[in-house]
Amino acid sequence: MISIKSSREIALMKEAGQYNMATFRELEKHLKVGITTKELDKIAHDFIIKNGCVPSCLGYEGYPASICISINDEVVHGIPSKRKIKNGDIVSIDLVLAYKGYHADATRTYIIGDVSKEVEDLVKNTRLAFFEGVKQVKDGARVKDISIAIEKYAHDHGLSVVEELCGHGIGLEMHEEPDIPNFNDNNNTRLKEGMVIAIEPMLNLGSKEVYVLDDDWTVKTVDGKPSSHYENTVLVTKDGYEILTGDD
Ligand code: MF3
Ligand code: CO
């Protein structure tokens, strides 16, 4: 069942989106060489709670932290630890919070200091792939219109698409129907005004193959090459869309 949000629910999801963005602004003040990912997790956790929200990932299927921090060849679901951020890292922060029961989900990948041109382009193009996908969104469009646009943009820019993970509907649950893949799996489901979805391309510089570490969470690229992730929570409207978690 795909949920259609009422105007009251949409207003709450917009507020959740604002709190999500504010948490990123707080994290950005601290995201520097030398800080540990666990310190960033605590900053996010405390800020989310202070704002009367709930960190959705904490305890989700046993996940042990409030946010996911995935560095370089880590694709998603990196667990905050004593690892320090280094010059030349690319750092993805995936942040889901709930306000009055409604979740907002967003991811940003940050370039720390000096990286190669190809890594810089990987990060930029992952963000731009999101915008190619979101441009397809409007009442009556199909899920695969988003998937095809993201996949084409990735391939046109020499990047591969992770297939094991995808975007999703979002609302009272963090993961709702429909799935929003980043490659064409021919999903003809129609989007409807009032749906809210998270669109989240995960693109690799090398091959698309990934595996899960022994910690049962961290997803890494098989070839050890970097991966980038960009995500926003998006409301489907009659003529288009509204991004609830910003476009930075
Ligand atoms: N944005 C991530 C997702 O959609 C959030 C994962 S939270 C975790 O899968 F608890 F599963 F890590
Ligand atoms: Co998500």
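Ligands are counted one by one from 1 in listed order, and the atoms in each one are counted from 1 as well.
Closest to atom 6 (C) of ligand 1, if we only count protein heavy atoms, is H77 NE2, 3.6 Å. Considering only non-hydrogen protein atoms, atom 4 (O) of ligand 1 sits nearest to H175 NE2, 2.8 Å. Nearest non-hydrogen protein atom to atom 8 (C) of ligand 1 is C57 SG, 3.7 Å. The protein heavy-atom contact nearest to atom 12 (F) of ligand 1 is C68 SG, 3.2 Å.
Residue contacts with ligand 1 for V76 are absent, since no atom lies close enough (heavy atoms, distance under 4.0 Å).
Salt-bridge formation is not detected for the pair E118/K225: no Lys NZ or Arg NE/NH1/NH2 atom is positioned less than 4.0 Å from an Asp or Glu carboxylate oxygen. Under a 4.0 Å N-O distance rule, the pair R25/D248 qualifies as a salt bridge. A salt bridge links D73 to K220: at least one charged side-chain nitrogen sits closer than 4.0 Å to a carboxylate oxygen. With respect to the salt-bridge test (charged N to carboxylate O, under 4.0 angstrom), the residues E242 and K14 qualify.
Atoms of ligand 1 lying under 4.0 Å from any heavy atom of Y63, numbered from 1 in the order shown and given with element: 10 (F), 12 (F). Residue-ligand proximity, H168 to ligand 1, at heavy-atom distances under 4.0 Å covers atoms 4 (O). For ligand 1, the atoms lying closer than 4.0 Å to a non-hydrogen atom of E200 are 4 (O). Within the listing of ligand 1, atoms 1 (N), 4 (O) sit less than 4.0 angstrom from a heavy atom of D105. For ligand 1, the atoms lying closer than 4.0 Å to a non-hydrogen atom of V96 are 1 (N), 5 (C). Atoms of ligand 1 found under 4.0 Å from any heavy atom of D94, numbered from 1 in the order shown, are 1 (N), 2 (C), 5 (C).
Ring centroids of F47 and H30 are separated by 6.0 Å or more, keeping the two rings apart.
Cluster membership for I85 and I111, using ILVMFWY side-chain heavy atoms within less than 4.5 angstrom, is not shared.
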* Asked: Given K50 and E26, is the salt bridge (charged side-chain N to carboxylate O under 4.0 Å, His left out) satisfied, shown in steps?
  -> CA-CA 12 Å; K50 191 182 83 186; E26 182 65 21; 5.8 Å; no
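Using a 4.0 Å heavy-atom cutoff, E231 is listed among the residues neighbouring ligand 1.
Using a 3.5 Å distance cut-off with no hydrogens or angles, the side chains of E28 and Y110 do pair a donor with an acceptor.
More than 12 heavy-atom neighbours from other residues, nucleotides or ligands sit within 6.0 angstrom of CD on E9.
The shortest N/O to N/O separation between Y60 and ligand 1 does not fall below 3.5 Å. Backbone and side-chain nitrogen or oxygen atoms of W217 are examined, and none is located within less than 3.5 angstrom of a nitrogen or oxygen of ligand 1.
Among the heteroatoms counted here (N, O or S) of D105, OD2 is the one nearest to the Co ion (ligand 2).
Taking the Co ion (ligand 2) as the corner point, the angle from E231 atom OE2 to E200 atom OE2 is about 80° (rounded to 10 degrees).
Residue D94 does not count as close to the Co ion (ligand 2), with no N, O or S atom under 2.8 Å. Look at H168 and the Co ion (ligand 2): an N/O/S atom of the residue is under 2.8 Å from the metal.
Relative orientation of the W217 and Y63 rings is perpendicular, given thresholds of 30° and 60° on the angle between their planes.
When each of L97, V96, T233, V196 is checked for a side-chain contact (heavy atoms from CB on, under 4.5 Å) with H103, only V96 meets the rule.
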